[in-house]
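First comes the structure, then the notes that go with it.
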Amino acid sequence: MSRSLGIPVKLLHEGSGQVVTVELKSGELYRGSMIECEDNWNCQLDNITFTAKDGKVSQHEHVFIRSNKVRFMVIPDMLKNAPISSLGVGRGRAVAMRAKLLAEAQQPGVEPSVRR
């Protein structure tokens, strides 16, 4: 069985090498350069600025963050221009097909392809 990745996961992979901010469910913040992020959102960061819940700031060289601890991630604005973001907001094949049909409909003389 083939499993495809959703748009958020693909966008997260585009963020490798970029500076990201990760907030944990506990309220702690990690900001650093993302080395790698797995499909399940486990990620590794380098050159970290860590902010504890009480506001204390410290520096760490390397950290591994387990996915079930992540509340959300902030990725750079420049990724809105990444190739994956052209598919539109949403999930699955239906959104991708809708975006493709809209793009074809905007081109004069091209008849939209409909699969039945």
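Please read all numbers here as calculations on a predicted model, not as lab measurements. We use all heavy atoms of the structure for the numbers below, so side chains are in, but hydrogens, waters and symmetry mates are not.
Residues Leu45 and Ile65 have side chains in contact (heavy-atom distance under 4.5 Å, counting atoms from C-beta outward).
Here the OG-CD distance, from Ser16 to Gln44, works out to 10.0 Å after rounding to the nearest 0.5 Å. Summarising the geometry, atom CD belonging to Glu36 is positioned 10.0 Å from atom CE belonging to Met34; distances are rounded to the nearest 0.5 Å. Here the NZ atom belonging to Lys69 is positioned 8.0 Å from the OG atom belonging to Ser26, to the nearest 0.5 angstrom.
Across every non-hydrogen atom of Cys43 and Cys37, the tightest pair is CB-SG, 3.6 Å. The two residues Val70 and Met73 come nearest to each other via the heavy atoms CG1-CG, 4.2 Å.
Scanning for side chain to side chain contact (heavy atoms under 4.5 Å, CB included) contacts around Leu29 gives Thr21, Glu23, Thr51, with sequence neighbours left out.
Looking at Asn40 and Ser67, their side chains never bring a donor and an acceptor atom within 3.5 Å of each other.
Between the side chain of Lys25 and the backbone N or O of Asn68, at least one donor-acceptor pair lies under 3.5 Å.
Hydrophobic clustering (ILVMFWY, side-chain heavy atoms < 4.5 Å, transitive): Val63 and Ile35 are in distinct clusters.
Phe72 belongs to a hydrophobic cluster whose remaining members, ordered by chain and number, are Val74; membership requires side-chain heavy atoms of ILVMFWY residues under 4.5 Å apart, directly or through intermediates. Cluster partners of Val19 are absent, since no Ile, Leu, Val, Met, Phe, Trp or Tyr has side-chain heavy atoms less than 4.5 Å from it.
Using cut-offs of 30° and 60° on the angle between ring planes, the pair Phe50 and His60 is perpendicular.
Checked options Asn47, Thr49, Ile48; the residue passing with Gln59 is Thr49 (criterion: side-chain contact (heavy atoms from CB on, under 4.5 Å)).
Within a 6.0 Å sphere centred on CZ of Arg71, other residues, nucleotides and ligands contribute more than 12 heavy atoms.
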